[in-house]
> 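After the structure tokens below, expect a handful of questions from me.
The chains referred to below are lettered A, B, ... by the order of the sequence lines, with proteins before strands, and numbering in each begins at 1.
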Amino acid sequence: MKELSTRYDPQENEEKIYDQWVKEKLFHADETLDGETYCIVIPPPNVTGVLHMGHALNNTIQDVLIRWKRMQGFNTLWMPGTDHAGIATQNVVERELAKSKVKRTELGREKFLEKVWDWKEEYGSTIIRQLKRLGCSCDWDRTRFTMDEGLSTAVKEVFVRLYQDGLLYKGDYIINWCPRCSTALSDEEAEHRDVEGRLYYIKYPVKDREKLEIENEDYVVVATTRPETMLGDVAVAVNPKDPRYTSLAGKTLMLPLLKRELKLIFDEDVDPEFGTGALKVTPAHDPVDFKLGVKHDLERVNVMEPDGTINSLGGDYEGMDRFECRETIIEDLKQRGFFIKSEEHLHAVGHCYRCHTVVEPRLSKQWFVKMKPLAEDAIKEVKKNNIKFHPGRWTKVYLNWMENIRDWCISRQIWWGHRIPVWYCKDCLDYVDVRDVDIHETGKKGIYVGAGKPDKCSACGGNNMEQDPDVLDTWFSSWLWPFSTLGWPEKTETLKKFYSTDALVTAPEIIFFWVARMIMSGLKFQNKIPFKDVYIHGTVRDASGTKMSKSLGNVIDPLDIIKEVGSDALRFSIIYITSQGQDVFLSKDKFEIGRNFANKVWNASRYVLITLGKDFTPGKIDPGDLTLADKWILDQFNRTVKTVQKSLETYKFNDAAGELYDFIWHKYCDWYLETSKLAENRVVVQNVLFKVLAGSLKLLHPFMPFITEEIWQRIPDEENKWIMISSWPNSDKTYDNQKASEDMEKIIGLITSVRNVRSFWNINESVDVVVNAGNVENKELILSNTKLIERLAKCKVRSVGEKVSRPDQSVASLVKGIRIFIPLGDTVDIEKEKTRVDKKIEGLKKHLDGIDRKLKNEGFLKKAPEEVVAKEKEKIKRFEDQLRTLEDNLNTLG
RNA sequence: GGGCGAGUAGCUCAGCUGGUUUAGAGCACCUGCCUUACAAGCAGGGGGUCACAGGUUCGAAUCCUGUCUCGCCCACCA
């Protein structure tokens with residue numbers, strides 16, 4: 001046994017220990033083993049990512065779970081990996097290239113992709129390295145990446161199957177378009193934020209048969225927040241019941257500036273209350289207008305280029321950026337007298353979740369997945385409770401979204417990602433731009449959907465085939481993660497063994513993106529739910545409640561914290577302060593909790609090791625030899641084992657951490673270690689010290705893996721060299737001892753009471769104590785623990801009796817029916833003593849009143865359980881007794 | 001517009017399937033201690049009408065209703 005250094009240095013120890021675990025292959029999961037499995041797949045961080053506090057929280061929770069299960073003897077697998085984050089990664093590499101003034105388009109698709117792969121090889125494992133530094137016990141040999149061959153095969157397989165099942169289609173719809181990334185986004189990828197915009201009121205003249213230039217005498221006023229889209233207007237819509245416009249039936253309007261003719265249509269969906277009750281209709285640039293367009297068979301005039309500039313249909317405005325165009329159009333309208341006014345208008349505007357550019361709703365041909373059929377089973381499984389959300393309130397959020405699910409736009413106009421496995425025969429399908437090929441039904445001539453390029457077109461025999469240029473949404477590979485990482489579509493042993501997985505730990509913002517879709521894909525392609533429990537933890541925010549993000553610059557870098565206080569301290573702190581599912585408000589000082597606790601654990605262990613000495617080997621404990629304190633700490637340890645277990649089972653990680661903190665610090669260290677210093681039977685106390693320390697370290701290991709392992713390496717090797725794979729403690733019934741705990745509480749109360757008196761009277765030296773124990777049992781208890789009391793309270797117990805009368809000039813305290821008198825001689829300041837006692841009396845009276853009322857209450861006596869009533873009666877006796885003594889105390893004094 | 005979460009000590013938060021908690025913790029504060037495991041510590045202490053108003057109940061921080069404040073999520077009101 002080696003002694004521990006006087007100060008624990010996480011920097012030195014943590015990496016060293018991690019390397020040892022890796023070397024011993026302790027993270028390795030083995031599918032050939034029997035036994036109950038426990039599997040978690042990591043929510044794949046984005047390859048461009050660096051570890052932030054959200055990751056730290058997320059992965060610490062998973063590591064706690066997996067280490068706990070591993071110690072319980074489960075065959076555990078924690079499956080790690082990263083996703084390719086199509087848009088984000090492409091953006092990063094584009095920026096890199098921009099530094100040397102190279103554009104992606106100049107390089108061409110293949111060369112560019114080579115660059116991205118190069119980048120990924122060089123920087124893509126940063127986050128993995130950081131997760132290791134956090135202590136994550138993933139089976140790193142299995143690390144997967146969504147663009148790996150196996151996972152790409154899974155993606156293609158799924159695409160083909162969805163197509164064959166009629167769940168895929170391609171067509172023109174309004175989608176969210178990011179002009180900066182130049183790609184479509186799904187509804188979930190457009191983040192809606194309230195923006196203070198303007199609502200512009202514009203005159204749309206009623207057409208005069210004679211002349212095009214109207215002198216404003218007859219017009220309809222429309223209100224719009226995006227005036228530039230008027231270039232694509234084809235109609236104006238009003239509510240048929242709106243009396244202001246009924247007279248206009250049959251008329252035609254003129255679009256100002258472009259002088260295009262606009263139909264006037266009547267539709268119930270137009271809200272007469274909003275703006276002027278007249279809505280300009282732009283089917284190619286607005287989802288509502290698009291619907292109106294379909295309903296009323298309107299032309300779709302798309303006036304915008306992919307980069308957000310106006311195209312040739314926009315007349316003089318061609319080439320202008322959309323926002324520049326907005327300004328210009330307003331100016332022009334003002335000049336020509338079509339502009340009426342604008343007013344402030346707060347509305348939700350979509351922003352690209354990758355670059356935060358304002359998203360443009362825009363008509364575009366894209367691939368979609370029909371979601372309704374997939375959602376059905378996914379709804380059922382959750383309703384049947386086969387998949388449980390923790391905390392449960394997320395169930396409603398999930399169901400609400402699923403029940404209103406919309407089709408998923410999965411094509412992206414970027415290069416980095418899984419290319420859509422569809423080929424078009426140029427000869428059969430007469431097209432100019434391959435993107436324009438429309439597919440509404442499967443089996444259309446000249447279209448091939450499959451894992452690879454077909455040799456020739458089965459329709460015409462030619463081989464003039466072109467692959468769809470677009471790639472798939474990154475989430476289209478992530479949604480397969482729970483089984484694609486396990487080997488699917490191969491029928492692997494790993495898949496058989498570990499699917500369904502057990503728990504998924506993730507953040508709320510990802511429920512729709514990922515969790516819901518995984519449930520759908522799992523049911524569709526495995527006929528089995530992907531996981532049983534979904535634990536949703538809170539969002540990490542800064543002290544002011546703002547979400548931590550790099551762009552806001554309010555991040556606390558986990559690696560900085562690790563450098564300062566160590567990974568254990570970081571892990572423990574963040575778990576300790578995060579109550580189930582609540583958001584976390586972080587500031588740097590929060591990490592002192594973990595740092596101080598780690599220090600405490602280290603020092604306590606150091607003390608124990610010193611006490612055990614070099615030659616200690618754990619031996620059997622004879623219950624007959626145990627002192628009260630021994631019995632107490634063993635009982636308390638049992639309780640801790642149970643509560644920690646329960647807390648972990650119910651995903652209440654903070655409760656588990658809190659319980660351990662309290663037990664180790666305030667029970668084991670503050671009391672037991674102190675009592676152990678006066679133990680007569682060294683062998684017994686050494687064994688108890690050791691037993692409880694070893695058990696506590698095990699319980700603590702999932703939270704603070706490094707320090708517990710480091711200490712474990714120095715203590716007698718009772719079962720396993722590594723705490724990481726040692727057995728999880730069970731509570732040992734032979735040490736359950738309610739009585740000992742109650743008795744010890746009396747002793748602790750007595751000691752605290754004496755300390756209190758000494759402190760209150762500013763007495764440094766030892767005091768004499770006379771105890772009226774009230775009954776034989778208490779008397780015996782006190783007598784057999786006199787030494788403990790005297791030492792820990794710094795006092796001399798002069799006499800103990802069942803009925804001891806109070807010495808002159810003494811102050812009194814009581815605790816649990818035991819009265820304590822401390823003779824202070826004539827130094828007692830009566831007024832001062834009165835303040836001390838008065839406070840206590842006041843509190844007691846208040847409590848007594850409460851109980852008294854309760855006991856006089858017939859309802860209570862009738863309805864409350866007998867136990868409760870009995871306890872209350874007992875209580876009142878005790879408190880009345882105390883009160884009397886205290887009052888007596890005051891009377892005696894003066 | 002809909003949904004959710006939160007308002008408890010100076011600060012940050014626990015507690016909320018109603019009755020052993022005279023409402024807890026950490027930090028901060030006050031007092032006394034270098035008691036040889038730990039000053040990142042030890043001992044003691046002060047501090048809260050549990051947002052507000054009703055209701056249910058024998059009994060409410062805890063359940064119900066309403067109000068106010070803050071935060072988040074969802075939604076095609078141009």
Side-chain angles (χ1 to χ4, degrees), chain A residues 4 6-7 174 192 199 222-226 229 237 269-271 273-276 278-282 286-291 345 347-348 361 391 393-394 396-397 400-401 404 508-509 511-512 538-539 541 543 545-547 565 569 576-577 579 581-587 589-590 592-593 595-611 654-655 658 661-662 669-670 673-674 677 752 755-760 762-764 791-794 842-851 853-854 856-865 868-869 871-872 874-875 879:
Chain A
L4 301 180
T6 43
R7 203 173 197 96
I174 297 282
H192 287 271
L199 187 60
V222 300
T224 178
T225 53
R226 292 191 294 153
T229 63
D269 287 349
V270 179
D271 178 4
E273 303 294 315
F274 189 89
T276 60
L279 165 66
K280 66 182 214 50
V281 183
T282 326
D286 187 277
V288 178
D289 297 11
F290 180 80
K291 261 193 204 160
H345 182 66
H347 61 149
R393 63 185 141 93
W394 294 108
K396 243 167 93 181
V397 175
N400 185 46
W401 188 73
N404 298 293
E509 55 263 33
I511 293 178
F512 308 136
T539 308
R541 303 175 184 284
T546 316
K547 183 176 169 177
V565 298
Y576 184 88
I577 62 174
S579 80
Q582 282 310 115
D583 286 356
V584 199
F585 296 77
L586 270 188
S587 54
D589 56 337
K590 295 268 166 79
E592 286 175 14
I593 299 169
R595 181 197 62 174
N596 294 357
F597 186 49
N599 186 244
K600 192 74 184 175
V601 169
W602 183 257
N603 279 301
S605 304
R606 195 155 69 86
Y607 167 77
V608 172
L609 290 188
I610 292 166
T611 307
N654 62 317
D655 283 355
Y661 182 92
D662 183 60
C669 293
D670 285 354
L673 249 49
E674 293 309 317
K677 291 175 183 173
T752 305
R755 282 173 175 171
N756 177 348
V757 168
R758 290 186 45 249
S759 174
F760 185 82
N762 250 324
I763 302 167
N764 243 330
R791 175 71 178 272
L792 296 185
K794 202 172 178 185
E842 199 187 320
L844 267 174
K845 273 190 171 160
K846 203 170 129 198
H847 193 206
L848 259 174
D849 276 0
I851 304 172
R853 240 181 293 127
K854 216 185 265 183
K856 284 190 178 134
N857 198 317
E858 280 178 36
F860 174 73
L861 294 172
K862 262 188 220 160
K863 291 182 186 172
V868 178
V869 178
K871 273 179 188 167
E872 295 295 332
E874 226 173 86
K875 245 201 277 185
F879 284 117

> For nucleotides B:A78 and B:U67, find the distance between their P atoms and express it as a whole number of Å.
26 Å
> Calculate the interatomic distance between A:N400 atom CG and B:C73 atom P; express it in whole Å.
15 Å
> For a quick check, with a 4.0 angstrom heavy-atom cut-off, what is the B/S/- contact string for nucleotides 37-48 of chain B, read 5' to 3'?
BB-BSSSSS---
> Can you give me the closest heavy-atom contact between A:E674 and A:L792, atom names plus distance?
CB-CD2, 3.9 Å
> So A:R226 and A:D286, do their side chains get closer than 4.5 Å, heavy atoms only?
yes
> On a whole-Å scale, what distance lies between the P atoms belonging to B:C76 and B:U69?
27 Å
> Would you name the heavy atoms of A:D583 and A:G538 that are closest together and state the gap between them?
OD1-CA, 3.6 Å
> In whole Å, what is the span from the CD1 atom of A:I577 to the P atom of B:A6?
17 Å
> If you measure from the P atom in B:G48 to the same atom in B:G32, how many Å do you get, rounded?
23 Å
> C1' atom, B:A6 versus B:A14: distance in rounded Å?
14 Å
> Over how many whole Å does the gap from A:N404 atom CG to B:C76 atom P extend?
10 Å
> Between A:H192 and B:C73, is there a side-chain N or O to OP1/OP2 distance below 4.0 Å?
no
> Looking at every non-hydrogen atom in both residues, tell me the closest pair between A:T282 and A:D289 and how far apart they are.
N-OD2, 2.6 Å
> Identify the heavy atoms of A:A223 and A:G275 that sit nearest to each other, and give their distance.
CB-CA, 4.2 Å
> Between B:G10 and B:G5, how far apart are the two C1' atoms, rounded to whole Å?
25 Å
> For the side chain of A:K590, counting heavy atoms from C-beta on, which of B:U12, B:A78, B:C76 is nearest?
B:U12
> For RNA chain B, please output the secondary structure as dot-bracket, reading 5' to 3'. Pairs are Watson-Crick or G-U wobble, both atom distances under 3.5 Å; mark crossing pairs with [ ], other-strand partners with |, unpaired with a dot.
((((((((.[[[[.)...(....]]]].(((((.......))))).....[[[[[..)....]]]]])))))))....
> Taking the C1' atom of each, how far is B:A51 from B:U8, in whole Å?
10 Å
> Could you tell me how far apart A:D289 (CG) and B:C76 (P) are, to the nearest whole angstrom?
14 Å
> Evaluate the side chain to side chain contact (heavy atoms under 4.5 Å, CB included) criterion for residues A:K794 and A:I763: first the C-alpha distance (whole Å), next the side-chain angles of each, then the deciding distance (0.1 Å), finally the verdict.
CA-CA 10 Å; A:K794 202 172 178 185; A:I763 302 167; over 6 Å; no
> With rounding to whole Å, what would you report as the distance between B:U35 and B:A43 at their C1' atoms?
10 Å
> Applying a 4.0 Å non-hydrogen cut-off, can you work out what A:K280 is touching in the nucleic acid: base, sugar-phosphate, or nothing?
nothing
> Are A:V584 and A:I577 side-chain neighbours, meaning at least one heavy-atom pair lies under 4.5 Å?
yes
> Expressed in angstrom and rounded to an integer, what is the separation of A:Y661 atom OH from B:A25 atom P?
11 Å
> Contact class for A:V222 (heavy atom, under 4.0 Å): base, sugar-phosphate, or nothing?
nothing
> Have a look at A:K794 and say if it touches a base, only the backbone sugar-phosphate, or nothing, with a 4.0 Å heavy-atom cut-off.
nothing
> What integer distance in Å separates A:W401:CH2 from B:C73:C1'?
14 Å
> Can you find a heavy atom in the side chain of A:Y607 that is under 4.5 Å from one in the side chain of A:L673?
yes
> Let me know the distance between CD1 of A:I593 and C1' of B:C27, rounded to the nearest Å.
8 Å
> Distance check, C1' atoms only: B:G44 and B:G3, in whole angstrom units.
49 Å
> When we call it a touch if two heavy atoms are under 4.0 Å apart, what does A:Q582 touch: a base, just sugar-phosphate, or nothing?
sugar-phosphate
> Search all heavy atoms of A:N654 against all heavy atoms of A:Y576 and return the closest pair with its distance.
CB-O, 3.7 Å
> Find the distance A:N654:CG to B:G26:C1' and express it as a whole number of Å.
13 Å
> Taking the side chain as C-beta and beyond, is there a heavy-atom pair between A:L199 and A:F274 under 4.5 Å?
yes
> Grab the two heavy atoms, one from A:R758 and one from A:A793, that are nearest each other, plus how far apart they are.
NH1-O, 3.3 Å
